[in-house]
There are 2 protein chains.
Amino acid sequence: MFGEFVYLDNAAATRLDERVLGAMTPYFLETYAVATSQFGYSPGIEAKDALEEARSTIARALSAKPEEFIFTSGSTESSNMALKGVAMALGARSGDRRPSGKGKHIIISKIEDFPVLYSARALEKQGFRVTYLDVDEYGRVNLDQLRQAITPETILVSIQTANQEIGTLQDVAAIGAICREQGVLFHTDATHSFPRVLLDVREVPVDLVTVTAHLIHGPKGIGGLYVRKGTPLVKWMDGGFQEFNLRAGEENIPGAIGFATAVKLVTPEETARLQDMRDRLIERLLQIPHSRLNGHPTLRLPHNANVSFRFVEGESILLHLDMRGFAVSTGSACFSRSLEASHVILGIGGNHERAHGSVRFTFGRFNKPEDVDAVADAISEVIAALREISPLGKE
Amino acid sequence: MFGEFVYLDNAAATRLDERVLGAMTPYFLETYAVATSQFGYSPGIEAKDALEEARSTIARALSAKPEEFIFTSGSTESSNMALKGVAMALGARSGDRRPSGKGKHIIISKIEDFPVLYSARALEKQGFRVTYLDVDEYGRVNLDQLRQAITPETILVSIQTANQEIGTLQDVAAIGAICREQGVLFHTDATHSFPRVLLDVREVPVDLVTVTAHLIHGPKGIGGLYVRKGTPLVKWMDGGFQEFNLRAGEENIPGAIGFATAVKLVTPEETARLQDMRDRLIERLLQIPHSRLNGHPTLRLPHNANVSFRFVEGESILLHLDMRGFAVSTGSACFSRSLEASHVILGIGGNHERAHGSVRFTFGRFNKPEDVDAVADAISEVIAALREISPLGKE
């Protein structure tokens, strides 16, 4: 049954590419030993070499040095490690002012994804002060507001590269420049953009970057954190001495190989193909009455379309599309595990109705051009039918 | 080349069982969607059902309720989450005494594995007091000493079920009973014993149990934490609302399926087979002059043999065995990523020489009975040859 589905929720999870599985399999069944130093046994040295090659591949996609890339269990861990690790390294204890003048203030945007948002909230409970920057109607941070928010107490700015729901891209180069100028560390959550949207750490003054494998047809349970050399960071996952003693835990070598393979398989040509599908879908969806694009019209993820439809609820659309064999996502409360309306749609000035009526379509490698018209036709019919019976209003 | 190896380091990593890979594959390629609530789309509901079935399977192996078992990225994370989560929940802030009278004191044993040991040390830096209990010559905690160490400030005791190096089993039932009697939470790291050594949470008064998949021919990058209902635990990995809102991060469903499959494949018959190999190997190794068993003669992991050989260094043995096609481990400093001699061998009263000369052999599913004599013959020859040239002394 699932095979017949048109899957358009590639920002939530993606199908593993068979080539990724093929690359991982020898590390499941043959080179399964723990990575060892050059003083270890040969299977362990072989495992170590493979791990380091995977690390180099991913680092290269960021134009980073291999020793600046740390494997983690995924982007949630990466963002926890970044925010809490910097907070532990630079957050002065109460009454204890460091010579650097650094303190307990962190700045994030209002529309960050949960790992950054809730790590910041956890730090608030520990006595940190967090500024939640407003965003404009497209979801973009205002650079002047950012500049004004930075105080001598500020230790970290965390602003995403691309939004998880509406796909809006931030100007990370400009944000990084402001942070660098003010002597503040800058973390960006690039979970949804890496490596489709170029982020070159030689050009962009960013200190920490969260990335993951599972949204680019790589395996679940593996991600990474770019850590610019010299960034003050207290180890968050304590235990063994893996990952340059920055992250404990037995290395997930098949996962690392899978991640690296997935990164290599993402090409500009493929991304352009996804973008064509996205553009065509947005065009078709905006022909439906009372529809509205969420997020920026051009500065957005190449594979993300997010549209709100008035007088209907997202979860009804989702269920009707599901019956017709399409998988999409919605910012509606009932679909969310938090049981709250999307903080992103509310953050860009939308109301609860707009959040409830929002539908996110995200393309991936296995989508075909004909999926676009198929889902556009289906959603047009579904919305027309739902509006017929809707108590919320008629078109 | 690796295929010809006799791999005897199954306490570091194990070969994935093909049946585990077979069980995971549909979740890589077909049911890859994110787990959703009953309001989600059908692929997500299918994924959720699979995840919950995997959870039930593993919980059953502990005689726990499914909702008491949380998936994590591995045992390192599980132990961090247990120690730090309890510390955040119960550790009174300085000057702030909780009505419960609880405070900032934790008790662990001296020979805990790194995740527990270094999580405790990290808490020390945050103002917690940690008691490191001595162990006897076999690595066993003294129950009277434990009882005496508990104060009204104590919030948590963390003592492993089995030791990572010498395989010694602790009396977790008695330890749990003491903790329960004193109103103190009890965490045990069962990384090396689960599920070969029975731990029934209905019988053993334990509140938190760390387990992992990768040492039982399951995948790397997935583990779990048993959390008894009602245990005070602050969420450590912040972000989404997964795992009963106790651990954020996209669910690693193929990993969970792999873990559950690996648990099902462990049988008492197989464990008895490993134990036979272990016993025969210990018997042979103790015939080598100046050899000594590390750990308890009977109360030890069924698949672990650990022997120290005087006048030789573990890394020399390891390298020579490697050249002959055997993979083993050693407590010697150079082999360790910490570049320190085994704290376990030192903890049981051994000196640096005994740690340097220690060799750990751990059996797994893919070992054959003939591996025992093969490695025993090889190590006898290697040790004789090394002692010939050893500056440390002659036999």
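Note that the structure is a prediction, hence the values are computed from the model and not measured. Each chain gets a letter, A, B and so on, in the order its sequence line appears, and its residues count up from 1. When reading the values below, keep in mind they use all heavy atoms of this one structure, side chains included, and skip hydrogens, waters and symmetry mates.
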How about residues 74-83 of chain B versus chain A: which residues have heavy atoms under 4.5 Å apart? B/Thr76, B/Glu77, B/Asn80

Between B/Tyr7 and A/Tyr32, does the ring centroid distance fall short of 6.0 Å? yes

Nearest heavy atoms of B/Leu225 and B/Thr72, plus distance in Å: N-CG2, 4.3 Å

Return the minimal non-hydrogen interatomic distance between B/Pro26 and B/Gly22, and the atom names on each side. CD-O, 3.2 Å

Could you report the tightest heavy-atom contact between B/Glu112 and B/Gln160, atom names first, then the distance? OE2-N, 2.9 Å

Side chain, backbone, both or neither: which part of A/Leu117 has an atom under 4.5 Å from a heavy atom of chain B? neither

If you round to the nearest 0.5 Å, how far is CZ of A/Arg15 from CZ of A/Arg365? 10.5 Å

Looking at B/Trp236, B/Phe326, B/Phe366, which makes the most heavy-atom pairs under 4.5 Å with chain A? B/Trp236

Expected output: side-chain A/Gln164 to main-chain A/Ile111 donor-acceptor under 3.5 Å: yes

For the candidates B/Gly239, B/Gly255, B/Ala248, B/Ala13, which exhibits the highest count of non-hydrogen atom pairs separated by less than 4.5 Å from chain A? B/Gly239

Compare all side-chain heavy atoms of A/Thr210 with those of A/Thr212 and state whether any distance is below 4.5 angstrom. no

Using a cut-off of under 4.5 Å for heavy-atom pairs, which of A/His217, A/Lys84, A/Glu18, A/Arg121 has the most such pairs with chain B? A/Lys84

Hey, are the side chains of A/Leu321 and A/Ile379 touching, using non-hydrogen atoms and a 4.5 Å cut-off? yes

